[in-house]
Amino acid sequence: MTRMTSNRDLLTRSLSAVWHPCTQMKRHETLPLVPIARAEGVWLYDFDGTRYLDTVSSWWVNLFGHCNPRINAALADQLGKLEHVMLAGFTHEPVVLLSERLRELAPAGLGHCFFGSDGASATEIALKMSAHYWRNSGKPEKTQFISLKNSYHGETLGALSVTDVALFRDAYGALIRQNATVMSPDWREAEAGESAADFALRCANALEDHLQQHHARLAAFIVEPLIQGAAGMAMYHPVYLQRARELCAQYGVHLIADEIAVGMGRSGTMFACEQAGDTKARSTGGAAAVALPLSEEALGAGGLTPDFLLLSKGITGGYLPLSIVMTTEDIYQAFYADETARGFLHSHSYTGNPLACRAALATLDIFAQDDTLNVNRGKAAFLNRIAQPLREHPNVRNFRHTGMVWAFEVETPHADFAQRCFSLGLRRGLLLRPMGNTVYFMPPYIISEDEMQMLVTRTLEIIDALI
Ligand SMILES: *Cc1c(COP(=O)(O)O)cnc(C)c1O
């Protein structure tokens with residue numbers, strides 16, 4: 001096997017040997033793969049030196065740029081000490097330090113970290129742990145789950161049972177357990193004149209109706225806090241989470257906060273759950289309004305504690321697969337007993353991998369050293385300012401923003417808008433990956449003002465070419 005030295009060589013050999021994810025492979029007959037030879041900062045480079053701005057952080061994962069020197073150094077150091085050891089019956093420093101750091105940072109009361117390999121495995125762990133908790137607590141009939149309409153929690157069979165995306169489910173329907181969905185508070189669905197907060201409260205009432213009827217068989221409600229990514233970057237008012245927390249407690253149903261995508265600062269606070277409980281934190285005031293950057297006082301004020309908090313994607317800065325399920329003392333204690341079968345029975349070979357934990361620790365160090373959350377608020381304000389022409393563009397609808405995520409719909413005559421936008425983006429040095437006619441930006445946090453300007457200007461050119 002020879003090494004790869006050209007784009008063409010990489011593409012041909014990839015199509016012959018690699019079955020790419022989330023892809024109809026035949027489409028690559030007309031839509032070429034994008035060859036990437038190396039990356040640095042927000043930029044991905046091919047063998048010819050053509051570069052693409054990674055506007056979607058390689059799907060949420062990258063926070064501080066590709067090949068970040070500080071994360072590289074931490075990993076190099078860890079490589080010389082311990083690359084891996086099994087976590088069942090053994091322990092090591094990176095996994096302990098990371099658990100302690102997260103306990104300090106996370107909403108109060110989430111003192112126990114269980115480790116998985118990726119986002120979907122975190123969902124599986126939370127679902128199993130919730131149902132097993134009820135079984136250990138003398139309520140074995142509580143085995144059902146609910147999720148929001150258009151929810152996304154991963155694509156393994158258990159995770160698909162709480163994922164409401166027809167494309168991902170339909171072929172596998174016979175293999176998936178049916179769970180109910182409840183109304184999504186996505187403010188694009190609000191009635192004319194109804195504020196985002198009022199709509200969120202109306203959706204919370206629908207949740208209450210469902211809980212009232214079905215709580216006896218329900219183990220947990222799983223939710224993506226503030227932003228439903230795969231639903232088309234659906235954003236909603238935090239008062240929904242606050243009500244969901246109260247209602248779940250009232251009806252004896254666990255609340256699982258899936259912060260796999262929105263955790264690690266992406267929502268504007270370290271964890272999106274921090275923004276619930278302080279409804280002054282965001283100004284949404286109506287379906288057309290834009291969420292403003294958070295005020296100083298809003299940060300760290302209030303917030304809710306879910307029964308389970310799921311982290312993955314950005315946790316290692318985009319370096320290595322890792323996921324974490326954080327939970328409470330109450331849940332931990334329900335498993336603490338003499339009998340093996342009362343213990344939580346779940347493992348992955350790479351559970352708590354030291355390299356991945358070390359990358360996560362280096363990522364948390366950068367947050368602290370660079371005052372990232374604060375700096376990001378300035379960057380978000382800058383991007384909002386320069387995005388004015390986008391927001392006011394006659395073909396742009398629902399321009400919206402939460403933390404370091406922006407999204408809007410484009411009114412276009414092209415049924416294949418997403419594909420055209422992707423291709424035109426590449427030609428202009430942008431990695432844009434629209435969902436339908438929804439365009440979104442969620443760049444690495446290290447993006448500079450020049451790069452943000454480039455992003456906005458080129459996106460406007462692309463939209464003008466597609467209307
Ligand atoms: C990406 C994602 C998952 C699944 O994570 P994987 O690592 O892709 O398995 C689950 N929930 C949410 C909200 C996600 O964005």
Side-chain angles (χ1 to χ4, degrees), residues 18 20-22 36-44 54 56-88 90-102 105-106 113-126 154-156 159 258-266 270-271 309-326 346-370 372 442-446:
V18 180
H20 290 265
C22 209
I36 300 301
R38 62 186 187 87
E40 192 183 337
V42 298
W43 297 100
L44 304 166
D54 189 356
V56 301
S57 295
S58 289
W59 263 355
W60 304 94
V61 301
N62 192 289
L63 303 188
F64 296 112
H66 294 274
C67 293
N68 181 290
R70 283 182 277 179
I71 304 177
N72 287 3
L75 281 174
D77 178 65
Q78 187 60 39
L79 273 172
K81 289 180 177 151
L82 174 67
E83 85 300 340
H84 185 67
V85 64
M86 58 195 280
L87 197 62
F90 294 80
T91 191
H92 53 81
E93 186 178 59
V95 79
V96 175
L97 287 177
L98 180 57
S99 305
E100 290 176 349
R101 289 274 286 278
L102 287 172
L105 289 168
C113 289
F114 193 95
F115 285 77
S117 311
D118 50 36
S121 66
T123 299
E124 301 286 341
I125 289 162
E155 294 173 50
T156 52
D258 176 352
E259 297 220 15
I260 290 168
V262 297
M264 307 306 291
R266 190 52 78 174
M270 190 59 115
F271 306 103
L309 180 80
L310 314 187
L311 296 173
S312 189
K313 291 207 163 109
I315 184 78
T316 62
Y319 269 67
L320 287 159
L322 181 75
S323 63
I324 302 169
V325 176
M326 301 187 73
H346 188 97
S347 60
H348 296 282
S349 308
Y350 284 97
T351 296
N353 174 258
L355 289 166
C357 290
R358 194 63 195 278
L361 285 165
T363 300
L364 290 174
D365 284 344
I366 298 178
F367 270 100
Q369 288 160 8
D370 293 2
T372 300
M442 40 192 196
Y445 303 159
I446 48 127

I'd like to know whether Thr363 forms a side chain to side chain contact (heavy atoms under 4.5 Å, CB included) with Asn68, so could you lay out the CA-CA distance, the side-chain angles of the two residues, the decisive distance to 0.1 Å, and finally the verdict. CA-CA 10 Å; Thr363 300; Asn68 181 290; over 6 Å; no

Positive for side-chain contact (heavy atoms from CB on, under 4.5 Å) with His66, one of Ile446, Ile71, Leu44: Leu44

So, using side-chain hydrogen bond (donor to acceptor under 3.5 Å, both in side chains) as the criterion, who are the partners of Ser57 when residues are at least two apart? Arg266

Can you sort out the partners of Glu83 under side-chain contact (heavy atoms from CB on, under 4.5 Å), two or more places apart, ordered by chain and number? Leu355

Determine, step by step, whether Asp54 and Ser58 satisfy the side chain to side chain donor-acceptor pair (under 3.5 Å) criterion, reporting the C-alpha distance in whole Å, the side-chain angles of both residues, the deciding distance to 0.1 Å, and the verdict. CA-CA 6 Å; Asp54 189 356; Ser58 289; 2.7 Å; yes

CD1 of Ile260 to CG of Leu309, rounded to nearest 0.5 Å, is 9.5 Å

Going through the checks in order, is the side chain to side chain contact (heavy atoms under 4.5 Å, CB included) test met by Tyr445 and Ile366? CA-CA 11 Å; Tyr445 303 159; Ile366 298 178; over 6 Å; no

Can you tell me how far apart CG (Asp118) and CD (Glu124) are? Round to the nearest 0.5 Å. 9.5 Å

Side chains of Asn353 and Phe115, heavy atoms from C-beta outward: is any pair under 4.5 Å? no

Mind checking what makes side-chain hydrogen bond (donor to acceptor under 3.5 Å, both in side chains) contact with Arg101, not counting sequence neighbours? Asp365

Per the side-chain contact (heavy atoms from CB on, under 4.5 Å) rule, which among His92, Gln78, Glu93 passes with Arg358? Gln78

So which heavy atom on Gly154 is nearest to which on Ala120, and how close? CA-CB, 4.2 Å

Keeping the roles fixed (side chain from Thr351, backbone from Ser347), state whether a donor-acceptor pair exists under 3.5 Å. no

Taking only residues two or more places apart in sequence, or in another chain, which ones meet His84 in a ring pair (Phe, Tyr, Trp, His ring centres under 6.0 Å)? Tyr350

As an exercise, state the distance from SG of Cys113 to CG of Leu102, rounded to the nearest 0.5 Å. 5.0 Å

If you compare all heavy atoms of Val95 against all heavy atoms of Ser99, which two are closest, and at what distance to 0.1 Å? O-OG, 2.7 Å

Ring pair (Phe, Tyr, Trp, His ring centres under 6.0 Å) against His348, all qualifying residues, sequence neighbours excluded: His346

Interatomic distance, Leu311 atom CG to Ser323 atom OG [nearest 0.5 angstrom]: 9.0 Å

Go through Leu364 and Gln369 one step at a time and tell me if the side chain to side chain contact (heavy atoms under 4.5 Å, CB included) criterion holds. CA-CA 9 Å; Leu364 290 174; Gln369 288 160 8; over 6 Å; no

Does anything in residues 312-321 form a side-chain hydrogen bond (donor to acceptor under 3.5 Å, both in side chains)? List the pairs, not counting sequence neighbours. Asn72-Tyr319

Side chain to side chain contact (heavy atoms under 4.5 Å, CB included) assessment of Met264 paired with Phe367: CA-CA 9 Å; Met264 307 306 291; Phe367 270 100; 4.1 Å; yes

Indicate yes or no: at least one non-hydrogen side-chain atom of Leu75 is less than 4.5 angstrom from one of Leu320. yes

Quick one: pull up CD1 in Ile315 and CD in Glu259 and give me the separation to the nearest 0.5 Å. 11.0 Å

Determine whether Ile324 and Leu310 make a side-chain contact, defined as any pair of heavy atoms from C-beta on separated by less than 4.5 Å. no

